[in-house]
*Asks:* 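Sharing a structure here in structure tokens format.
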Number of protein chains: 2
Amino acid sequence: MDKKKKKPTIYDVAKHAGVSITTVSRILNAPNKVNSGTWERVIASIDALGYVPKAEARARAMQKNGRIGVITPFFTAPSFVQRLRGIAGALSPMNFELVIYTVDSTNHLQRYLSTLPLTGNLDGLIIISLPVGDLDASRLIDHGLPTVLIEYPHPNLNCVEIDDVQGGRMAATYLLKKGHRRIAFLGDTDLPEYSIHPVSLRLSGFRQVLKESGIDLPHTLVRLAPYSQEQTRQAARELLSLAEPPTAIFAATDFQALSVLKAAHQLNVRVPEQLAVIGFDDLDMAEYADLTTIGQHLDESGKLAVEILLTQMESSSPLPRHVQIPLNIIERKTA
Amino acid sequence: MDKKKKKPTIYDVAKHAGVSITTVSRILNAPNKVNSGTWERVIASIDALGYVPKAEARARAMQKNGRIGVITPFFTAPSFVQRLRGIAGALSPMNFELVIYTVDSTNHLQRYLSTLPLTGNLDGLIIISLPVGDLDASRLIDHGLPTVLIEYPHPNLNCVEIDDVQGGRMAATYLLKKGHRRIAFLGDTDLPEYSIHPVSLRLSGFRQVLKESGIDLPHTLVRLAPYSQEQTRQAARELLSLAEPPTAIFAATDFQALSVLKAAHQLNVRVPEQLAVIGFDDLDMAEYADLTTIGQHLDESGKLAVEILLTQMESSSPLPRHVQIPLNIIERKTA
DNA sequence: TGATAGACTGAAAGTGCTTTCAGGCAACCC
DNA sequence: GGGTTGCCTGAAAGCACTTTCAGTCTATCA
């Protein structure tokens, strides 16, 4: 099939056919300018070597088969993966290539946002759980790259939004209804601070409802721990070791709720009898752990993002769509 | 937003920002190598001029596309995701684009395998848990697309292999040592049958050891259920409802082990006292569930695949590397 | 027969970008 | 205070092609 190990270049073809690269180039671009004898000889060489002009391959990849990009925080957190799954599922039958860009620092994100719209030749972009600034937003718009954000909204871009405040309210209402009065909150701190953190919103909704019911949420019952199992567990242990430990904990994410469960288990605190635990996300794992949680339809939100994106790619209507995905409380056995 | 009618080039940007084209190029490709003051100035110029790097020129100068593809079964199964995570992690610092192709039927896979190597827009390919035939293998080789397989090996391609037989042996040995004599196996049936299924290998290793110890593994204690929670649970329930139920179950994957745990819980069977459960994979979730399991370093195997791929992309040595990843038994609380 | 238009062709000069290499500069180390 | 290290930076040399331009050759015409 081919004689050389390396991909042949136009030079190889030229040498093989005994002509100059000019001629080879012309055959590809202006075949009528070269006489048919030469043409045949060169074409034969092209076939023999399996030559594929690189630029063309690139161009073909760029415009023909659609490519849509996804920028996501490096997928440590299962919630990102579940959304990604929704995206992949929706994209797969559409014959789109899915290009993943993982981000582990704000810097990294900046770089993608400043170069991708220009260089990447993407047909569309989905950004999961990362805040984009005004400058980036207008760059995306100026360059006409259809974009959908998930979770962190921006006024000028399409968004799939989560009503975190409402989620916090739901959790509080639920726990209150179950008779809890001494309730703690456990969230994470990891994400960038220059933007409104979903966890803060969940906390504020949570706090609102408690306040409306005349219940205090003292500092001691609010913990923020980095998004790691061990540190979350430590925070949970601290809460449970208080002189007056809470009877319920609202964890800002299921990932953390699971760590709370673990800590409770270690300390022989029975769930839900002695401690109610409620999470947020409804990860796959939540079901295994019988975790009561606020579901946010992670897969669905990915799918929805794709739909919005596809719509915009076709019509390129200028006004951004903002869609709230509904939250629902999923009652299982931990609260 | 832009001043000239002509498309600006890297030279224009350089002049506008008062730096060399080298620096501009570096900003796009290796931003960490230029200090932030310069970075800001150049980015500002890029925005001011509306500069768009030409992808084609870029690919030309780089002699590569900077894209590596991953073909994976549609990621329902957490084990694929975890490997993918390893891949993404290893690729991210290397400045490669990660293109995901999800596959949900053999047909689909065939299509990718026959077109991907030809178009030449991929620099490398990783195939997760999918069997590739001889014809496809030689196409990949002929077209010089470096490829690494994970899990399903092929003699002529690089592979990251899992010693499933050994894994089965380990599980059996462990349970035997714990004193179990009536042991069941629960596996899944979903994957393509025209190739050796890892689950069968795990079963055969498992069976070997039992036989070596003179223990029978009757038909009734071997169940294969489709890879779904409900059906696995059903199978587990059946096992536990036998007149003489097993005292231990080896589940071919953690995903299924978790379902077994669930079923046991529903039937008020205490684990590990009345029933020992051991899984295979060591998913993230396994730790939460305190599941004893055979760990196969999923993240690591992804990372390893990338390393092998990168090595081959550089040296393009013709002889395929086959690497076994070590298995280890992770003793937790279910067995 | 000699002039000449026209058809082909290749050397070499771009093209827009990346990368190597070496120099400049500042901080650090006895 | 000289030597070492390490970070930034730009000049210049590629890269895989395309295009220009100056030929060479042949067929044609008076």
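Note that this is a predicted model, so its numbers are computed, not measured. Sequence lines set the chain letters: A, B, ... in the order given, protein chains first and strands last, and positions in each chain run from 1.
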*Asks:* Applying salt bridge (Lys or Arg N to Asp or Glu O under 4.0 Å), which residue pairs with at least one partner in residues 18-28 of chain A are found, sequence neighbours left out?
*Replies:* none
*Asks:* Find the distance L49(B):CG to dG16(C):P and express it as a whole number of Å.
*Replies:* 14 Å
*Asks:* Please give, in whole Å, the distance from dA7(C) P to N35(A) CG?
*Replies:* 12 Å
*Asks:* What residues form a ring pair (Phe, Tyr, Trp, His ring centres under 6.0 Å) with Y101(B), not counting sequence neighbours?
*Replies:* Y112(B)
*Asks:* How many Å lie between NZ on K15(A) and P on dA16(D), as a whole number?
*Replies:* 13 Å
*Asks:* What is the distance from CD1 of I10(A) to P of dT15(C), rounded to the nearest Å?
*Replies:* 18 Å
*Asks:* Got a sec, which residues hit salt bridge (Lys or Arg N to Asp or Glu O under 4.0 Å) with D123(B), two or more places apart in sequence or on another chain?
*Replies:* none
*Asks:* Measure from the side chain of Y51(A), starting at C-beta and using heavy atoms only, and say which of dC17(D), dT9(D), dC17(C) lies closest.
*Replies:* dC17(D)
*Asks:* Return the angle between end axes of the helix from dT1(C)-dA30(D) to dC30(C)-dG1(D), with five pairs used per end and rounding to 10°.
*Replies:* 40°
*Asks:* Between the protein and nucleotides 10-15 of chain D, which nitrogen or oxygen pairs come in under 3.5 angstrom?
*Replies:*
| residue | atom | partner | partner atom | Å |
| --- | --- | --- | --- | --- |
| dG10(D) | OP2 | S20(B) | N | 3.3 |
| dG10(D) | OP2 | S20(B) | OG | 3.2 |
| dG10(D) | OP2 | T23(B) | OG1 | 2.4 |
| dG10(D) | N7 | R26(B) | NH2 | 2.9 |
| dG10(D) | O6 | R26(B) | NH2 | 3.1 |
| dA11(D) | N7 | T22(B) | OG1 | 3.4 |
| dA11(D) | N6 | T22(B) | OG1 | 3.1 |

*Asks:* How would you list, by chain and number, every residue that makes a side chain to side chain donor-acceptor pair (under 3.5 Å) with S45(B), sequence neighbours excluded?
*Replies:* H16(B)
*Asks:* Can you measure I46(B) atom CD1 to dC17(C) atom C1' for me and round it to whole angstrom units?
*Replies:* 13 Å
*Asks:* By side chain to side chain donor-acceptor pair (under 3.5 Å), which residues pair with N35(A), not counting sequence neighbours?
*Replies:* T38(A)
*Asks:* For T9(B), which contact category applies under a 4.0 Å heavy-atom criterion: base, sugar-phosphate, or nothing?
*Replies:* sugar-phosphate
*Asks:* Calculate the interatomic distance between L28(A) atom CG and dA16(D) atom P; express it in whole Å.
*Replies:* 15 Å
*Asks:* Would you check if the side chain of N158(B) reaches a backbone N or O of T147(B) as a donor-acceptor pair within less than 3.5 Å?
*Replies:* yes
*Asks:* Just how far, in rounded Å, is P of dT18(C) from CG of D123(B)?
*Replies:* 15 Å
*Asks:* Is it true that D136(B) and R139(B) make a salt bridge, defined as a side-chain N closer than 4.0 Å to a carboxylate O?
*Replies:* yes
*Asks:* Under 3.5 Å, sequence neighbours excluded: what are the donor-acceptor pairs made by side chains of residues 301-309 of chain A?
*Replies:*
| residue | atom | partner | partner atom | Å |
| --- | --- | --- | --- | --- |
| S301(A) | OG | L298(A) | O | 2.7 |

*Asks:* What is the separation between atom NZ on K33(B) and atom P on dT18(C), rounded to the nearest whole Å?
*Replies:* 14 Å
*Asks:* Can you list every pair that meets salt bridge (Lys or Arg N to Asp or Glu O under 4.0 Å) and has a residue in residues 145-154 of chain B, with sequence neighbours left out?
*Replies:* R83(B)-E151(B), E151(B)-R202(B)
